[in-house]
Amino acid sequence: GLETAWNSPLDERGIISTAIGLGLAGDRCVAEIQFCDYIFNTIDLLKIAGNTLWCSNGQYNMPIVVMTPVGAGIRGSIYHSHSFDAWATRLPGWKIVMPSNPLDAYGLMISAIKDPNPVLFLKPKALMRVRGEELLPGEPADEKELKSMIDAPIGDRSKWKARWPKLGEYEVPIGKGKILREGTDLTIVSYGRTLPLCVKAADEMAEHGRSLEVIDMRSLYPYDWPMIRDSIRKTGRVLFVNEDTEVTNFGEHLAYRTTQELFYELLARPRVLAGKNLPGIGLHPTLEEASVPHSEDIVEAIEEVLAEVP
């Protein structure tokens with residue numbers, strides 16, 4: 001907790017190396033890379049952390065958590081808008097989680113800290129200041145009361161001390177998804193920043209008589225394939241949505257598995273809606289909005305999948 005937290009230099013390799021050392025010593029830590037855009041120069045270290053248990057024939061666990069903000073939505077331009085989910089899922093030995101709301105973020109973090117394996121905790125930048133519909137256990141219902149407890153005042157802070165709420169236990173099992181909307185016409189599978197947009201699109205389509213099922217993956221690896229599979233079998237159609245670049249996207253893996261295992265049960269081709277295959281996100285709002293999926297893009301993709309005739 002806060003009593004054992006400290007700031008480090010902006011040295012991504014040093015941060016990951018220190019976390020690995022703590023893990024090998026049997027300690028559990030949460031290391032943060034301030035933006036995922038700067039985690040790429042640690043890929044070789046992440047690979048080592050992921051294969052330690054396997055390479056040591058089960059002798060050494062690596063119970064560490066690496067937390068980093070991901071994605072667009074903050075006008076961060078080319079150096080602060082990258083996604084990392086597709087890259088992360090290519091790191092064998094790691095568990096990967098990405099919440100879409102504060103309650104799941106809290107529950108997944110508790111599970112990640114307790115897990116004996118290395119866990120990448122990807123938190124969407126655009127959602128970090130969004131208040132959830134469900135409160136954390138022990139969180140004050142009054143937002144002003146919460147701010148007065150934890151937000152430092154402007155000016156002299158020498159006598160001010162935060163009064164952190166005493167939160168209760170809450171865990172979200174890693175590898176378990178959640179159905180947020182039940183439906184029969186189409187399955188939408190998403191996570192992170194685009195999940196709330198998918199829910200909004202599903203609610204809009206419901207006003208026009210369309211019944212859409214929305215699944216929040218929450219965990220990218222391991223992921224809840226039985227939940228996804230059963231939903232696709234029910235609806236016969238599926239749309240995978242995320243904001244990472246569309247080439248070698250994690251949604252492509254899900255679409256491939258859908259085709260391989262459920263081909264004869266599909267009523268339409270599996271569809272992936274993702275970010276444009278660009279080197280980065282432009283600074284101008286128009287460039288950012290044109291680079292990643294938004295509500296209108298999701299609605300358009302839904303209509304296309306529903307219109308396809310087998």
Side-chain angles (χ1 to χ4, degrees), residues 33 35-44 46-47 50 68-92 94 96-98 100 120 122-126 187-195 197-198 201 215-217 219-223 225 228 232 237-263 266 268-305 308:
I33 303 299
F35 287 91
C36 80
D37 310 66
Y38 301 100
I39 202 172
F40 291 90
N41 69 333
T42 71
I43 290 291
D44 57 324
L46 297 177
K47 180 178 181 295
T68 187
V70 298
I74 62 167
R75 303 293 187 255
S77 190
I78 192 168
Y79 295 114
H80 297 87
S81 300
H82 276 91
S83 293
F84 192 64
D85 33 308
W87 284 83
T89 56
R90 298 189 193 106
L91 291 169
W94 283 84
I96 319 295
V97 300
M98 188 188 294
S100 66
L120 270 167
L122 309 180
K123 50 183 182 179
K125 299 172 192 142
T187 298
I188 305 175
V189 181
S190 187
Y191 51 84
R193 181 197 179 197
T194 53
L195 193 280
L197 301 178
C198 291
I215 294 177
D216 185 352
M217 291 187 67
S219 295
L220 276 64
Y221 197 86
Y223 59 90
W225 175 246
I228 298 171
I232 297 173
R237 303 172 190 270
V238 62
L239 171 65
F240 300 102
V241 184
N242 64 71
E243 64 175 322
D244 206 345
T245 48
E246 58 192 352
V247 176
T248 66
N249 185 282
F250 182 63
E252 291 181 330
H253 160 71
L254 297 172
Y256 168 79
R257 187 168 184 180
T258 299
T259 305
Q260 290 295 306
E261 298 187 23
L262 304 172
F263 181 78
L266 295 173
R269 296 168 297 162
R271 173 75 184 271
V272 176
L273 177 63
K276 300 296 190 296
N277 187 37
L278 299 170
I281 303 291
L283 176 60
H284 195 281
T286 302
L287 294 175
E288 180 171 309
E289 290 167 9
S291 301
V292 294
H294 291 275
S295 296
E296 57 271 21
D297 303 311
I298 297 170
V299 170
E300 182 180 351
I302 289 171
E303 292 174 340
E304 289 177 1
V305 177
E308 190 166 327

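All of these numbers come straight from a predicted model, not from anything done at the bench.
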For [X] against [Y], the heavy-atom pair lying closest together:
X      : Y      : value
Leu91  : Lys47  : CD2-N, 4.4 Å
Ile298 : Leu197 : CD1-CB, 3.6 Å
Thr187 : Ile215 : CG2-CD1, 4.1 Å
Ser100 : Gly192 : CB-O, 3.5 Å
Arg75  : Leu283 : O-CD1, 3.7 Å
Arg193 : Ala126 : NE-CB, 3.7 Å

A quick test of your reading: do over 12 heavy atoms of other residues, nucleotides or ligands sit less than 6.0 Å from [atom1] of [X]?
X      : atom1 : answer
Arg90  : CZ    : yes
Trp94  : CH2   : yes
Tyr221 : OH    : no

Taking [X] for its side chain and [Y] for its backbone only, find out whether a donor-acceptor pair lies under 3.5 Å.
X      : Y      : answer
Ser190 : Val241 : yes
Glu252 : Val272 : no
Thr68  : Cys36  : yes
Glu288 : Gly73  : yes
His294 : Glu296 : no
Asp37  : His82  : yes
Glu243 : Ser83  : no
Arg237 : Val305 : yes
Lys125 : His80  : yes

> Under the ring pair (Phe, Tyr, Trp, His ring centres under 6.0 Å) test, which residues partner Tyr79, sequence neighbours left out?
Replying inline: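 Tyr79 satisfies ring pair (Phe, Tyr, Trp, His ring centres under 6.0 Å) with no other residue.
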> Taking only residues two or more places apart in sequence, or in another chain, which ones meet Phe240 in a ring pair (Phe, Tyr, Trp, His ring centres under 6.0 Å)?
Replying inline: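 Ring pair (Phe, Tyr, Trp, His ring centres under 6.0 Å) check on Phe240 returns nothing, list empty.
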> Can you tell if the side chain of Val238 reaches within under 4.5 Å of the side chain of Leu262, non-hydrogen atoms only?
Replying inline: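 No, side chains not in contact.
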> Is Met217 close to Leu254 at the side-chain level, that is, under 4.5 Å between some pair of heavy atoms?
Replying inline: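 The answer is yes, as the side chains (C-beta and beyond) meet within the 4.5 Å cut-off.
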> Hey, which of Asp85, Asn242, Thr89, Asp244 is the one that makes side chain to side chain donor-acceptor pair (under 3.5 Å) with Asn249?
Replying inline: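 For Asn249, the side chain to side chain donor-acceptor pair (under 3.5 Å) check succeeds only for Asn242.
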>> Please verify the inter-ring angle class for Trp87 with Phe84; under 30° counts as parallel, over 60° as perpendicular, anything in between as tilted.
In response: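 Answer is parallel, since the angle falls under 30°.
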> Can we call the ring centroids of Phe250 and His253 under 6.0 Å apart?
Replying inline: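 Aromatic pair counts; centres sit under 6.0 Å.
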